[in-house]
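Here's the structure, in structure tokens; my notes come after.
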Amino acid sequence: MSPARVDKQEEVKMKKSVILGALSVAGLSAGAAAAATLDDVKARGQLNCGVSTGLSGFSAPDADGEWQGFDVAVCRAVAAAVLDDPMAVEFVPTTGKTRFTALASGEVDMLARNTTWTLSRDVDLKFEFTGVNYYDGQGFMVPKSLGVSSAKELSGATVCIQTGTTTELNLADYFRKNDMDYEPVPIETNAEAQQQYLAGACDVYTTDASGLAATRASFENAGDHVILPEIISKEPLGPLVRHGDNEWGDVVRWTLNALIAAEEMGINSDNLAEMAEGTENPEVNRLLGTEGNLGEMLGLDSDWAQRAIMAGGNYGELFEKHIGEQTPIGLARGLNAQWTDGGLLYAPPFR
């Protein structure tokens with residue numbers, strides 16, 4: 001074998017050693033990051049959860065200053081699963097602009113607010129979406145007095161739009177596609193949007209349709225405002241954690257899945273204790289910890305899912321309590337119905 005051939009083989013071996021070493025270090029770093037947040041939350045005895053600055057039905061403080069809502073309930077379910085205390089949560093209000101910085105910096109352990117799962121947020125911003133807790137789409141709200149019945153009649157309108165959101169980009173795309181003009185009125189929070197809209201600073205308010213319903217429900221004369229029929233985007237909203245936080249991401253992901261699966265399996269806050277004694281359904285037993293070791297796989301105990309469900313109920317109970325048709329928000333299940341009822345809601349198997 002020539003000296004040149006030997007040198008080439010040695011070079012290849014050295015390169016392989018460097019690559020394997022780098023992968024090993026990366027693996028150790030990723031493993032450390034993955035364990036960090038779960039360990040931190042347990043040691044701290046408190047979950048720091050990023051929420052909106054106030055969106056009725058989803059995340060907003062009540063008259064006593066206690067946070068309530070559909071997104072808030074996800075945070076409480078995670079706290080219950082990990083800490084055995086749904087009240088062990090520090091809620092951190094975040095805007096469309098500040099939410100990602102708060103998560104990336106470690107100020108919050110997770111975000112549970114109206115945040116859309118997109119490729120760039122998942123990949124470029126280095127976040128990990130752990131599922132969808134509300135399937136939504138962008139809509140438009142106008143005063144009835146404007147005499148508008150379709151979004152395609154809005155050319156020339158002034159539009160209140162939250163900066164740093166997907167709605168800002170969707171709005172530009174929609175008006176461009178339909179050869180319409182508009183004047184944006186940038187706002188930071190939903191409260192500011194409500195104030196500007198009611199003051200007449202903009203003709204239209206656009207955001208996720210669920211957010212429009214929540215905002216309109218807070219108006220003194222809600223009937224004076226109409227949500228137009230057009231839905232111009234897909235907005236899958238869900239909780240997210242940092243990239244590399246795999247162990248923590250699993251906990252958040254499977255807590256949400258537990259709430260969804262519980263509804264599908266007929267487990268609710270009323271019959272949970274009875275079903276936790278054991279059933280003829282093996283998957284129910286695995287979910288509730290009477291069979292198998294799923295909790296151990298997550299770094300939790302066997303009753304983690306029971307506590308998550310007891311924190312506020314299964315997915316359906318949370319929906320009806322906070323944003324359902326019998327609440328001021330008045331949202332129908334629609335796409336957020338279980339897959340068995342024609343919706344998109346679907347939890348992977350607990351096995």
Side-chain angles (χ1 to χ4, degrees), residues 34 37-38 41 47 49-52 58-59 69-82 86 89 99-100 103 108-123 125-137 166 208 210 233-265 267 283 286-287 294-295 297-300 304-305 307-309 311-319 322-323 331 333-341 343-351:
T37 303
L38 179 58
V41 171
L47 171 67
C49 196
V51 291
S52 73
F58 285 88
S59 53
F70 190 62
D71 290 332
V72 165
V74 173
C75 302
R76 295 204 186 281
V78 172
V82 176
V89 186
R99 55 185 163 174
F100 299 129
L103 180 58
V108 299
D109 305 309
M110 59 179 285
L111 283 180
R113 67 185 304 285
N114 46 319
T115 299
T116 303
W117 188 348
T118 71
L119 185 149
S120 60
R121 289 171 176 178
D122 196 329
V123 178
L125 294 185
K126 307 300 182 188
F127 296 124
E128 187 83 19
F129 283 80
T130 59
V132 177
N133 74 319
Y134 193 91
Y135 290 94
D136 212 343
T166 55
D208 300 334
S210 64
S233 69
K234 294 183 294 183
E235 306 293 329
L237 311 178
L240 58 156
V241 299
R242 291 176 288 275
H243 261 189
D245 233 349
N246 300 334
E247 186 176 339
W248 176 242
D250 286 341
V251 169
V252 177
R253 176 180 300 105
W254 286 98
T255 297
L256 175 58
N257 284 334
L259 302 180
I260 294 170
E263 182 186 20
E264 179 187 344
M265 297 177 194
I267 306 167
E283 188 168 18
R286 289 192 293 268
L287 172 62
L294 299 185
M297 294 179 189
L298 288 168
L300 304 174
W304 67 277
R307 294 194 298 271
I309 298 164
N314 65 32
Y315 180 95
E317 289 178 286
L318 296 176
F319 193 104
H322 296 292
I323 57 177
L331 295 173
R333 288 293 291 266
L335 295 178
N336 296 289
Q338 289 280 343
W339 66 285
T340 49
D341 296 323
L344 297 179
L345 215 60
Y346 190 114
F350 280 78
R351 90 168 36 254

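Between Phe319 and Phe70, the two ring planes are perpendicular [angle over 60°; tilted spans 30° to 60°].
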Take Leu240 and Met110, measure what side chain to side chain contact (heavy atoms under 4.5 Å, CB included) needs, and give me the verdict at the end. CA-CA 6 Å; Leu240 58 156; Met110 59 179 285; over 6 Å; no
Evaluation steps, side chain to side chain contact (heavy atoms under 4.5 Å, CB included), between Phe129 and Leu237: CA-CA 9 Å; Phe129 283 80; Leu237 311 178; over 6 Å; no
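In this structure the side chain of His243 reaches within 4.5 angstrom of the side chain of Asp122, judged on heavy atoms. In this structure, Leu111 and Pro239 have side chains that are not in contact, with every pair of non-hydrogen atoms separated by 4.5 Å or more. Side-chain contact between Arg121 and Thr116 is present, with heavy atoms from C-beta onward closer than 4.5 Å. Side-chain contact between Ile309 and Tyr315 is absent, with no heavy atoms from C-beta onward closer than 4.5 Å. No side-chain heavy atom of Cys49 sits under 4.5 Å from any side-chain heavy atom of Val108.
Checked by atom type, the side-chain pair Asn114/Asp71 shows no donor-acceptor distance below 3.5 Å. In this structure, a donor-acceptor pair under 3.5 Å is absent between the side chains of Trp117 and Glu235. For the 3.5 Å distance criterion, the side chains of Gln338 and Thr340 fail to qualify, holding no donor opposite an acceptor.
Taking CG from Leu345 and CG from Asn257, the interatomic distance works out to 9.5 Å, rounded to the nearest 0.5 Å. Separating the CG atom in Leu287 from the CH2 atom in Trp254 is a distance of 10.0 Å, to the nearest 0.5 Å. Within the model, atoms CD1 of Ile323 and CG of Asn336 stand 7.0 Å from one another, a figure rounded to the nearest 0.5 Å. Taking NZ from Lys126 and OG from Ser120, the interatomic distance works out to 11.5 Å, rounded to the nearest 0.5 Å. The line from OH of Tyr134 to CG of Leu344 is 11.5 Å long, rounded to the nearest 0.5 Å. For the atom pair Ile260 CD1 and Met265 CE, the distance stands at 11.5 Å (nearest 0.5 Å).
Between the side chain of Arg113 and the backbone N or O of Ser59 there is no donor-acceptor pair closer than 3.5 Å. Looking at Arg242, its side chain does come within 3.5 Å of a backbone N or O of Leu103 through a donor-acceptor pair. Asn314 places a side-chain N or O within donor-acceptor distance of the main-chain N or O of Ile267, the cut-off being under 3.5 Å. No donor-acceptor pair closer than 3.5 Å links the side chain of Thr130 to the backbone N or O of Gly249. Side-chain atoms of Asp208 never come within 3.5 Å of backbone atoms of Ser210 as a donor-acceptor pair (strictly under, hydrogens ignored). A donor-acceptor pair under 3.5 Å links the side-chain atoms of Arg286 to the main chain of Phe350, judged by distance alone.
Note on residues 249-263: pairs passing salt bridge (charged side-chain N to carboxylate O under 4.0 Å, His left out), not counting sequence neighbours, are Glu128-Arg253, Asp250-Arg253, Glu263-Arg333.
When each of Val241, Val251, Leu47, Asp245 is tested with Thr37 by the rule side chain to side chain contact (heavy atoms under 4.5 Å, CB included), just one qualifies, namely Asp245.
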